[in-house]
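Taking it in order: structure first as structure tokens, then the write-up.
Order of the sequence lines fixes the chain letters, A, B, ..., with proteins taken first and strands second; residue numbering starts at 1 for each chain.
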Amino acid sequence: MNRSVPENRDLFAIADLAKEFGISTRAIRFYEAKGLLAPERVGATRIFRRRDRARLILILRGKRLGFSLRDISDYLSLYDANRSQQVQLLTAKIDERLVSLEAQLQDLQTTISELKEIKKLADERLEKAG
DNA sequence: ATTCTCACA
DNA sequence: TGTGAGAA
């Protein structure tokens, strides 16, 4: 019954989290190196608690929404300190992200329109050529 | 299996 | 923003 290190539901080994979230152990260490995670250590081995796991979930969610690790780091850093400032930062970043996405959307729509126009002209030529 | 560092894209 | 490789 003695596993090497974590084996209950309160403690996790890096491999546990990597498997659960479908990411590499390297990526998790990378996030730690960037200051987004700060798991405890038993010797040199990382021990992740539920709160570390929760932070990882937030990191992954932030990434999925298109935020940089820097953005996510800044946000997480405010959790313990200024909570209302954290919310302010969040809304500001969301607005920023929204503006960026809207711009991308416009660009995509422009590209789609251009492609459709080109295709239309090409199809018309095929008509004439018979 | 885990750790770290350095290189590399 | 990560990965690969080598060594412990």
Side-chain angles (χ1 to χ4, degrees):
Chain A
M1 294 300 151
N2 269 323
R3 277 75 183 191
S4 57
V5 175
E7 190 53 70
N8 63 63
R9 293 306 89 121
D10 199 55
L11 305 177
F12 306 84
I14 190 170
D16 297 334
L17 298 179
K19 177 186 293 183
E20 177 176 4
F21 298 110
I23 60 180
S24 67
T25 57
R26 304 287 311 284
I28 295 175
R29 294 191 193 97
F30 182 76
Y31 299 152
E32 178 184 5
K34 289 300 176 183
L36 284 81
L37 293 172
E40 294 167 26
R41 302 289 187 127
V42 169
T45 303
R46 296 171 175 76
I47 301 300
F48 297 78
R49 316 202 76 125
R50 308 221 343 291
R51 55 183 304 281
D52 297 310
R53 181 174 170 283
R55 280 177 77 93
L56 180 56
I57 290 174
L58 289 178
I59 293 168
L60 267 17
R61 175 177 297 167
K63 282 172 48 60
R64 182 160 43 77
L65 295 176
F67 294 103
S68 68
L69 290 184
R70 181 52 188 276
D71 287 339
I72 298 168
S73 178
D74 291 342
Y75 173 76
L76 291 178
S77 296
L78 270 43
Y79 187 84
D80 308 287
N82 196 326
R83 203 65 76 77
S84 62
Q85 187 182 327
Q86 182 183 38
V87 176
Q88 280 190 311
L89 175 64
L90 180 61
T91 59
K93 286 300 178 181
I94 287 177
D95 285 342
E96 188 179 293
R97 181 71 179 133
L98 249 20
V99 167
S100 175
L101 285 173
E102 296 287 4
Q104 286 185 52
L105 182 56
Q106 296 310 312
D107 288 344
L108 284 174
Q109 292 176 331
T110 296
T111 298
I112 288 172
S113 293
E114 288 181 17
L115 288 173
K116 283 183 175 177
E117 180 61 22
I118 292 172
K119 178 177 175 54
K120 175 186 173 187
L121 294 174
D123 285 343
E124 289 173 358
R125 289 196 185 189
L126 289 179
E127 285 293 314
K128 294 180 183 177

Under the salt bridge (Lys or Arg N to Asp or Glu O under 4.0 Å) test, residues paired with A/Arg41 that sit two or more places apart: A/Glu32

A/Ser24 versus A/Ala18, closest heavy-atom pair with distance: C-CB, 4.0 Å

Within residues 89-98 of chain A or reaching into it, pairs that qualify as side chain to side chain donor-acceptor pair (under 3.5 Å) - sequence neighbours excluded: A/Asp71-A/Lys93

Start and end of the DNA chain B segment that chain A contacts, any atom under 4.0 Å from a heavy atom: B/dT2 to B/dC4

Which protein N or O atoms sit under 3.5 Å from an N or O of nucleotides 4-8 of chain C?
from: C/dG4; atom 1: N7; to: A/Arg26; atom 2: NH1; distance (Å): 2.3
from: C/dG4; atom 1: N7; to: A/Arg26; atom 2: NH2; distance (Å): 2.8
from: C/dG4; atom 1: O6; to: A/Arg26; atom 2: NH2; distance (Å): 2.5

Touch class at under 4.0 angstrom, heavy-atom based, for A/Ser24 against every strand present: sugar-phosphate

A/Ser84: partners by side-chain hydrogen bond (donor to acceptor under 3.5 Å, both in side chains), with sequence neighbours left out: A/Asn82

side-chain hydrogen bond (donor to acceptor under 3.5 Å, both in side chains) involving A/Gln86 - partner list, sequence neighbours excluded: none

Any pair counted as side chain to side chain donor-acceptor pair (under 3.5 Å), so long as it reaches residues 120-130 of chain A, sequence neighbours left out: none

Ignoring hydrogens and angles, write down the donor-acceptor pairs under 3.5 Å from the side chains of residues 73-80 of chain A, residues two or more places apart or on other chains.
from: A/Asp74; atom 1: OD1; to: A/Arg70; atom 2: NE; distance (Å): 3.2
from: A/Ser77; atom 1: OG; to: A/Ser73; atom 2: O; distance (Å): 2.8

Sequence-distant partners of A/Arg26, salt bridge (Lys or Arg N to Asp or Glu O under 4.0 Å), two or more places apart: none

Residues forming a side-chain hydrogen bond (donor to acceptor under 3.5 Å, both in side chains) with A/Thr25, sequence neighbours excluded: A/Arg29

Of residues 50-66 of chain A, the positions that come close to DNA chain C - non-hydrogen atoms, cut-off under 4.0 Å: A/Lys63

Side chain to side chain donor-acceptor pair (under 3.5 Å) contacts touching residues 48-66 of chain A (sequence neighbours left out): A/Glu20-A/Arg53, A/Glu40-A/Arg49

